[in-house]
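Notes follow the structure.
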Amino acid sequence: MNILLTGAASGLGAALLHACVARGDSVSVIDLDARPAGLPPTVTWLRHDLSATDSATWGQIALELVQHGPYDLAVLSAGISATGRFETISPDAHQQVSRVNLHAPMQLSLLLHQQGGFAGAARLVFVASLSCFTGYPGAASYGASKDGLAAFARSLRKPMNRAGVAVHLLCPGPMDTPHATKYAPKGARADRRIAPELVAQIVLDAPRGRFVLLPGNSAKLAALLGRIAPALMTRIMGRVLFAKLKDQTP
């Protein structure tokens, strides 16, 4: 298979990358970080800043997508956050979260569709968050970007299905990743986070007809509570997150 990943230098993206390499897939990665050592020649590393707003960068990305596609699976997992009191986070940080988490997946989806970047019976996976099911005090711009991404995925599902592309919305809870460690509230326990390797396997094995992917029983329970008692869930999130969060920006 030919795979496209974003944000594969660490975390879920890295877990997906290693799982795909182990299967013998060809993988193209778009990431701001440098290519890690030891990757096989079946991995093409495209180093780009997905928060870029200039047409030259996106024009180059479009050319490279065409060159290395079409793709059987695209997982847009690059993401950043900004945590702390809303008023203490700079406007630039809020905007960067939106550009990476929401605008970049929208732009990549458009480029792939316009340039014939999807193979027959391809799958497109957007990586959102459990914040889609609850308020997210202390990370408002992150929550907004992921809610926007969820709405985009829902709206894109039928048009992409007509083109033969299945759309999935992955909503994981906290994973045991460097990103989660950086933005976690004080005292959070890493051993209670789900392993990114397990989430990666769920993505790779997902049936085409399943839209929302909730990895693990904890994520399923949190999503259910968010649906039936959203105000309660937001209060809980405020106690367990907002009161303990430290200021962190990209």
Side-chain angles (χ1 to χ4, degrees), residues 2-9 11-13 16 28-33 46-82 91-119 122-133 136 139-172 179 203 206 208 210-213 250:
N2 194 21
I3 313 293
L4 174 67
L5 303 173
T6 67
L12 174 60
L16 282 162
S28 294
V29 172
I30 301 177
D31 201 297
L32 178 61
D33 293 338
L46 311 174
R47 195 173 182 187
H48 292 292
D49 182 0
L50 290 175
S51 69
T53 58
D54 61 288
S55 58
T57 295
W58 283 101
Q60 183 61 34
I61 291 174
L63 289 173
E64 291 171 342
L65 288 176
V66 171
Q67 180 182 355
H68 299 288
Y71 303 99
D72 301 288
L73 172 66
V75 185
L76 309 184
S77 63
I80 59 174
S81 190
D92 285 346
H94 285 303
Q95 290 171 10
Q96 189 175 6
V97 168
S98 180
R99 286 195 294 267
V100 173
N101 294 2
L102 176 58
H103 297 289
M106 292 172 64
Q107 183 82 335
L108 287 168
S109 302
L110 178 62
L111 291 175
L112 286 166
H113 200 26
Q114 287 178 331
Q115 304 291 338
F118 292 112
R123 295 195 294 129
L124 172 62
V125 182
F126 297 101
V127 180
S129 167
L130 281 180
S131 65
C132 295
F133 300 95
Y136 208 43
S141 54
Y142 175 86
S145 69
K146 294 300 186 179
D147 272 15
L149 187 63
F152 177 70
R154 291 189 184 97
S155 302
L156 198 63
R157 189 183 182 194
K158 180 171 271 190
M160 293 302 288
N161 186 59
R162 288 174 180 159
V165 180
V167 173
H168 304 282
L169 180 69
L170 175 67
C171 297
H179 181 274
V203 170
R208 287 180 59 82
R210 183 173 298 166
F211 175 54
V212 177
L213 306 178

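Numbering starts at 1 and runs along the sequence shown. Note that this is a predicted model, so its numbers are computed, not measured.
Listed here is the closest heavy atom pair of Asp33 and Ala9: OD2-CB, 3.6 Å. Leu149 and Leu102 make their closest contact through N-CD1, 3.5 Å (heavy atoms, listed as atom of the first residue, atom of the second, distance). Closest of all the heavy-atom pairs between Cys171 and Leu130 is O-CD2, 3.7 Å. Nearest approach of Ser51 to Val100, heavy atoms of both residues: CB-CG2, 3.6 Å. Considering every non-hydrogen atom in both Tyr142 and Ile80, the closest pair reads CD1-O, 3.3 Å. Shown here for Asp147 and Ser131, the closest heavy-atom pair between the two residues is OD1-O, 3.5 Å.
Leu170 has its side chain out of reach of Val75: every pair of non-hydrogen atoms, C-beta onward, lies at least 4.5 Å apart. Between Leu5 and Asp31 the shortest side-chain heavy-atom distance does not fall below 4.5 Å. A heavy-atom distance below 4.5 Å is found between the side chains of Leu108 and Ile30. No side-chain heavy atom of Gln96 sits less than 4.5 Å from a side-chain heavy atom of Asp92.
To the nearest 0.5 Å, the span separating OG on Ser145 from CZ on Arg99 amounts to 12.5 Å. Put simply, CZ on Phe126 and CE on Met106 are 9.0 Å apart, with the number rounded to the nearest 0.5 Å. To the nearest 0.5 angstrom, Leu169 atom CG is 4.5 Å from Phe211 atom CZ.
Formation of a donor-acceptor pair under 3.5 Å by the Ser98 side chain with backbone atoms of Gln95 is not found in this model. Between the side chain of Thr6 and the backbone N or O of Ser77, at least one donor-acceptor pair lies under 3.5 Å.
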Check: residues 154-167 side-chain donor-acceptor pairs under 3.5 Å, at least two apart:
{"from": "Ser155", "atom 1": "OG", "to": "Ala151", "atom 2": "O", "distance (Å)": "2.9"}
{"from": "Arg157", "atom 1": "NH2", "to": "Gly209", "atom 2": "O", "distance (Å)": "3.3"}

Taking distance alone, no hydrogens or angles, what donor-acceptor pairs closer than 3.5 Å link side-chain atoms of residues 64-74 to residues at least two apart or in another chain?
{"from": "Glu64", "atom 1": "OE1", "to": "His48", "atom 2": "NE2", "distance (Å)": "2.6"}
{"from": "Glu64", "atom 1": "OE2", "to": "Gln60", "atom 2": "NE2", "distance (Å)": "3.1"}
{"from": "Tyr71", "atom 1": "OH", "to": "Leu65", "atom 2": "O", "distance (Å)": "3.4"}
{"from": "Asp72", "atom 1": "OD2", "to": "Asn2", "atom 2": "N", "distance (Å)": "2.7"}

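Around atom CZ of Arg210, no more than 12 heavy atoms belonging to other residues, nucleotides or ligands sit under 6.0 Å away.
Listed by chain and number, the residues in a side-chain contact (heavy atoms from CB on, under 4.5 Å) with Ala206 are Arg123, His168, Leu213 (sequence neighbours excluded).
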